[in-house]
Amino acid sequence: MCTLEKRGNLFILTLIGDDEHRLSLAVIDSLLSALSQAKSQAIRGSALVTTAHGRFFSNGFDLAWAQAAGSSSAARDRLHHMVESFRPVVSALLSLPMPTVAAVSGHAAAAGFLLALSHDYILMKRDRAVLYMSEIDLGITLPDYFTAMMRSKIGSVSARRDILLGGRKVKGEEAVTIGIVESAHDSAESVVEASVRLGEQLAQRKWNGEVYAEIRKSLYPEVCGVLGLAAKAIIASSKL
């Protein structure tokens, strides 16, 4: 599950425990609840940092639960249910009225990788942590919003090819070079510390959250279109 802590204007969303933080239906519901709470308490200058305990940021969907369904068709139905249940989490992050930072202090795979990409900024552990889209190795096709997010957030065509078609595991410094990650750090603690500092710096700008969210949506029209998030034209400046 996850917890949400408020430190001044900064929200800290943490996937708790030392497991793989698989995105089961219960974890997805917990994330949605936390994001809804953050949105309801947002003020001008709020920011969100998402992190996780242990070796994993998130290892994707709960495939063991899907495989326990008893048949291939039932397993596919369960996986589809998780895919559709996770869609609102991505939508919530893309429409959250504040800057967002993912502190990836462990492995982020498949839907866990997408969870990180749904934030505005990603900071990552330099070693013993990878970004990995495992679908090609598992023989699972990509949901439409996964593909749209990858195209929206990873500018290099060759990097997208290697990640999606080659199952390439990307470590911190390489992720910085590719442009997926802002910075790589030596330990899980330093990732979180740097992410909190960045969140605090962003919060100090005291931007209008509604305007921030609409600009974010306009920046990623493909994935927002797939998710049904239409950007609205807002003029909300006291200077006009």
Side chains of L117 and L115 in contact at under 4.5 Å (non-hydrogen atoms):
no
If hydrophobic clusters are built from ILVMFWY residues whose side chains come within less than 4.5 Å, do V196 and I16 share one?
no
Would you sort out whether K169 and L131 count as a side-chain contact (heavy atoms from CB on, under 4.5 Å), showing the intermediate values?
CA-CA 6 Å; K169 296 178 180 179; L131 305 174; over 6 Å; no
Contact between V191 and V104 at the side-chain level, heavy atoms closer than 4.5 Å - yes or no?
no
A quick test of your reading: do over 12 heavy atoms of other residues, nucleotides or ligands sit less than 6.0 Å from CZ of R55?
no
Side-chain touch T50/H119, heavy atoms, less than 4.5 angstrom:
yes
Any ring-ring contact (aromatic ring centres under 6.0 Å, His included) pairs touching residues 33-57, not counting sequence neighbours?
F56-H107
What is the distance from atom CG of L10 to atom CG of L198, rounded to the nearest 0.5 Å?
9.5 Å
Roughly how far, to the nearest 0.5 Å, is the CG atom of N59 from the OG atom of S134?
7.0 Å
Student check: side-chain heavy atoms of Q41 and F11 closer than 4.5 Å:
yes
Rounding to 0.5 Å, atoms CG (L79) and CG (L138) come to a distance of 10.0 Å
Could you tell me if the side chain of L13 sits less than 4.5 Å from the side chain of T3, heavy atoms only?
no
Shortest non-hydrogen contact between A52 and T14, atoms and distance
CA-CG2, 4.4 Å
Is there a path of hydrophobic side-chain contacts, each under 4.5 Å between heavy atoms of I, L, V, M, F, W or Y residues, that connects M124 with I163?
yes
Write down the atom of G112, the atom of L23, and the distance for their closest heavy-atom approach.
N-CD1, 4.1 Å
Any non-hydrogen side-chain atom of V27 less than 4.5 Å from a side-chain atom of H21?
no
Should the ring pair H81 and W65 be called parallel, tilted or perpendicular, given that the plane angle runs from 0 to 90° and is split at 30 and 60?
tilted
Of all heavy-atom pairs between R7 and I12, which one has the smallest distance, and what is that distance?
NE-CG1, 3.8 Å
Can you run down the salt bridge (charged side-chain N to carboxylate O under 4.0 Å, His left out) pairs that involve residues 79-104, sequence neighbours left out, and say none if there aren't any?
E84-R87, R87-D144
Can you check whether G172's main-chain N or O pairs, donor with acceptor, with R126's side chain at less than 3.5 Å?
no
In terms of side-chain geometry, is the basic nitrogen of E214 or K217 positioned less than 4.0 Å from the acidic oxygen of its partner?
yes
Check this for me: does any side-chain nitrogen of one of R22 and D62 sit under 4.0 Å from a carboxylate oxygen of the other?
no
So, for M133 and L164, which heavy atoms are closest and what is the spacing to 0.1 Å?
CG-CD2, 3.9 Å
S218 side chain to I215 backbone, donor-acceptor under 3.5 Å
yes
Could you state the interatomic distance from CZ (F146) to CD1 (I140), rounded to the nearest 0.5 Å?
10.0 Å
Shortest non-hydrogen pair, M150 vs R160, comes out as O-CD, 3.4 Å
Evaluate the criterion side-chain contact (heavy atoms from CB on, under 4.5 Å) for residue pair Y121 and T100; output intermediate values, then yes/no.
CA-CA 6 Å; Y121 302 89; T100 59; over 6 Å; no
Give a yes or no on whether I122 and V192 share a hydrophobic cluster (residues Ile, Leu, Val, Met, Phe, Trp, Tyr; joining criterion: side-chain heavy atoms under 4.5 Å apart).
no
Ignoring hydrogens and angles, state whether a donor on the side chain of D120 or Y212 is under 3.5 Å from an acceptor on the partner side chain.
yes
Path from V89 to Y220 over hydrophobic side-chain contacts below 4.5 Å:
yes
What's the separation between atom CG in L31 and atom SG in C2, rounded to the nearest 0.5 Å?
4.5 Å
Scan side-chain atoms only and decide if S187 and S190 contain a donor-acceptor pair under the 3.5 Å cut-off.
yes
Can you tell me how far apart CG (L229) and OG (S95) are? Round to the nearest 0.5 Å.
5.5 Å
How about S183 and H185: does a side-chain donor come under 3.5 Å of a side-chain acceptor?
yes
With a 4.5 Å cut-off on side-chain heavy-atom distances among I, L, V, M, F, W and Y, is there a chain of contacts connecting V49 to L32?
no
May I ask you to test the L15-T51 pair for a side-chain heavy-atom distance under 4.5 Å?
no
Looking at V90 and S118, what are the two nearest heavy atoms and their distance?
CG1-OG, 3.6 Å
Under 3.5 Å, side chain of R44 to main-chain N/O of K206, donor-acceptor pair present?
yes
Do Y132 and F113 make the cut of ring centroids closer than 6.0 angstrom?
no
If you define the side chain from C-beta out and look only at heavy atoms, does anything of M149 sit under 4.5 Å from L94?
yes
Would M82 and S85 count as a side-chain contact (heavy atoms from CB on, under 4.5 Å) here? Give the steps.
CA-CA 5 Å; M82 287 185 285; S85 296; 5.5 Å; no
Within 6.0 angstrom of K153 NZ, more than 12 heavy atoms from elsewhere
yes
Applying side-chain contact (heavy atoms from CB on, under 4.5 Å) to R161 and V157, what does each step give before you reach the verdict?
CA-CA 6 Å; R161 177 201 62 207; V157 174; 5.6 Å; no
